[in-house]
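Working notes, beginning with the structure itself.
So you know, we letter chains A, B, ... as the sequences are listed, proteins then strands, and number each from 1.
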Number of protein chains: 2
Amino acid sequence: MKPVSIKDIAKAAGVSHPTVSRALCFSPLVKAETAQRIRDMATAMGYRPNAVARGLVTRRTRTIGAVVTTLTDPFHGEVLSGVEELASDHHYSVFVANCNADADREIRVVKLFQERRVDGIVVMCSRVGALYAPLLRELKIPIVLINSNYPNDVFDSVAIDNLGASLQAVQHLISLGHSQIAYLGDQFGLDSDRERFAGYRQALLGAGLPVVTSLTVCGDGTPEGGQAAAARLLALPEPPTAIFCYNDQSAIGALSAIRVHGLRVPEDVSIVGFDDLRIASFANPPLTTVRQPRQLMGRTAAGILLDLLSGSVGQTHVQIPGELIIRRSTATCSTAVSDIQEPAI
Amino acid sequence: MKPVSIKDIAKAAGVSHPTVSRALCFSPLVKAETAQRIRDMATAMGYRPNAVARGLVTRRTRTIGAVVTTLTDPFHGEVLSGVEELASDHHYSVFVANCNADADREIRVVKLFQERRVDGIVVMCSRVGALYAPLLRELKIPIVLINSNYPNDVFDSVAIDNLGASLQAVQHLISLGHSQIAYLGDQFGLDSDRERFAGYRQALLGAGLPVVTSLTVCGDGTPEGGQAAAARLLALPEPPTAIFCYNDQSAIGALSAIRVHGLRVPEDVSIVGFDDLRIASFANPPLTTVRQPRQLMGRTAAGILLDLLSGSVGQTHVQIPGELIIRRSTATCSTAVSDIQEPAI
DNA sequence: TCTTTGATCGAAACGGGTTTCATACAGGAA
DNA sequence: TTCCTGTATGAAACCCGTTTCGATCAAAGA
C-alpha cells in the first residue's frame, strides 16, 4: 500500500531505522557488510527515499524555482533549459512558474516558491527587480536574476550586454551607409528595451546622426507586434532604410510587414534582430542578429545559484557579450550609395 | 533566524500549535474570534506555511512533474505552459525535467519525481510509453501522456489526431493536383512520425497514387534536419512537387533548402508543415500547416491529471483534431496543370 | 586485570505541520 | 442538582527521514 520506508527495511533487516538511514547514505559509521546487506534489502524491497521527509529535516530540498515571464517564448525556453540542465547535473530539481509578465504574479510566485522551501530562485526578465530588495530581506532565499539587472548592486545576476551589443549592431548598419535607422522596441521589454535603445542612440550620436523620434516605435516582442510596428515605420513620409529590432521575433514580424508593403530585404530595408533564435538563420532572408547564448546564460545563472547554496559569498554579476551575426538581412544602403555617387555593383 | 513556524505563533498567541494549524486552515473547530486573532498574529509575524512539512503529513505535495523531451523546442514550451497554467490555477506547482529525448533519462526523471513525491506526472512525447506499464505498477503515481499514446489502453492520454490530420493535409496537396508528394519525417518522432506517415500513406493510396520509397526521407524535427532532408529530395532525378513535413521546424528548414536550390515556394514546390508554431504565419511564404492547439493540449492533460488526483477513475483518452491552416506555401501543381491542359492563371 | 579506545549500533529527539483522541467547560434538558 | 450535549481547545501521535547522544562490546594499552 504505502511506499516502503526505512522503518520497513529496518524491521526486515532486524536493525534500527537510523542504521538503515546511515547505510543508505554510505555513512562509515555502519559496518560494511551490514550496510551492504541493508542496501541489498532496500533495492529488493523497491525502496525509494522520500525527498519530502529528507527536505523537512535537512532544511535543504535540493530544488530551485525558476520564474519565467512567458514560457511560450522560445527565448525563455532555452534559458530555462540551461538552468534545468545544470541543476539536474547537481541533482537539483526545478520548479517552473509562469508569471505572464505580470509583476504581482511574479511576487506571488516567488512567495509560493518560498513556501515550497526551494533552496534558491532564478528569475528571468524580472518585472519587479527593484522590489526584490525588501522582499528578499524577508525571504532569505538566494535569488539570481537573468537579464534584469535592476539593482545591480543588490542581487547576483547574469545579463547580456545590451548596450554594447546594440551599439555594435547599429554601428554595423551605419557602416553600411544607413542613416535613417529605426528602433523597433518592446513596450514590455523594460530594462532590456531601455538598454538596447541606449545602445542604438549612442551609436547614432557617435556617428553624428540625429536621433529621430518618429523612427522609434514599439512592438511587444512578438512577430505580430513587430509586424504592426514595422508597418507604422513604413507608412512614414520618410521611412527608414534600416530597422534595428528589439528581438528576432519582432524582426520576423518586420520582415513580413516589409514584404507585404512590397519592399525587399535587404535591398530596400535592412533588418537586424536580437537573440539569434534558431529560426533566425532560416528566415528569408536569413537574419542578421545579435547572438545571445541562451542556454549558457541559464547554466551560468544556475551555477551562480549553486555556488551561493554551497556557501559562497559576495555578489557575482556576469555580463555576457552579445555576438553580432551578420547574415543576409542587412546590406549597403542603396540611397546612401547614390548620395555619395558610388558606382552600383 | 529560522522562519516562523506555527509553534512560534502558538507561543505568541498563548494557544497550542494544533489550534494555530486549525485557525490557519479556517477550520470551524476553532472559535471565530480566536481564529481571527491567530491569523492576524500570523501575518504580523510574517508566517509562511511550510509546504514540505505539510506534504509529509498529508502525503499530498500539490506538485506535478512534467517530463519534456526538449525544452528548447517551442512546441514543448507551449504545451508545458498550458500544463503550468492549469496546475497553478489549482495551486499546484510543477517540476520540469528535460529528458533530452533519451529513454533512460526519461525513466530516471520519472523515478526522481517519485522520490519528490509529486502527486502526478505529465509526460510529453514519451520515449518509453510502453515501458511505463511495469514501472507504473511499482510507482503508483498517476501519469498522463501527451502525444505518445503507446499503450492506449493503459494510460490516460491527450494526443493530436495525427493520422486524421496528415490525411487531411496530404489530401489538400492531392486536391491541388500534386502526385509527386514527399514525406519529410522525424527520425526521433516515434509514434507521431509513424502516424503522420500512415496518414500520408493512406491519403496517397486513397487517391490511387503510389507510395514511392525514395520520396520518404527523415529529418530530426529541427530546421537543420529539415533542410538537409529536403536537399536530398531535391537532388532526386524526379524531385517531388510537394513536401509534407513532420513539423513546422522541419518545414522551415525545407523552405530554406528549396530557396538555396533556386526553386520557389509554392510555384515549384508546395510545403505543408505541422504544429502551426507562431512563426509559421511569418515564414516566407506563410506556411500551410496543421494547427495543434498546444496550450490547450497541455491544459487538457493537466485537467485529466487533476481529475485523477481528486479521485476520478477510468481512463480518459482525448484525441484532439488537427486543423489544416491553408496559407501560401501550397499551390496548384504546375506540372499537373500542364498535364491536364488547364489554362495557366 | 583494569581502563581506554574505537567501532558499531540503538534510543530518542527533531523538523513543521495535520489529525485523532481526550478533556474542560458552558448551556440545556430532565 | 444531575446528566447530557456540543463547543473549544490541548495532548499526543504521526508522517519519514537525519542527527545527536549514549550504550555495548571487543581489542588494545597500562
Each nucleotide of nucleotides 5-18 of chain C classed B (base within 4.0 Å of a protein heavy atom), S (only sugar-phosphate) or -, in 5' to 3' order, makes ---SSBBB--BBBB
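Of the N and O atoms on the side chains of A:Arg105 and B:Ser88, at least one donor lies less than 3.5 Å from an acceptor on the other residue. Remark: the B:Thr222 side chain and the A:Arg278 side chain contain no N/O donor-acceptor pair separated by less than 3.5 Å. In this structure, a donor-acceptor pair under 3.5 Å is present between the side chains of A:Ser81 and A:Gln295. In the model, B:Glu106 has a side-chain atom that pairs as donor or acceptor with a side-chain atom of B:Ser126 under 3.5 Å.
A:Ile146 is not listed as a side-chain neighbour of A:Ser157, based on a closest heavy-atom distance of 4.5 Å or more. The closest side-chain heavy-atom distance from A:Val110 to A:Ile121 is below 4.5 Å. A:Ile9 has its side chain within reach of A:Met45: a pair of non-hydrogen atoms, C-beta onward, lies under 4.5 Å apart.
When rounded to the nearest whole Å, the span between CZ of B:Arg60 and C1' of D:dC16 equals 18 Å. Spacing between atom CG of A:Asp8 and atom P of D:dG17 amounts to 9 Å, rounded to whole angstrom units. A straight line from CD of B:Glu33 to P of D:dT9 spans 8 Å, rounded to a whole angstrom.
Rotation axes derived from the C1' atoms of the five outermost pairs at either end of the helix from C:dT1-D:dA30 to C:dA30-D:dT1 lie 70° apart, to the nearest 10°.
With a 6.0 Å cutoff to the six-membered ring centre and a 45° limit on the axis angle, A:Arg39 counts as a cation-pi contact of A:Phe26.
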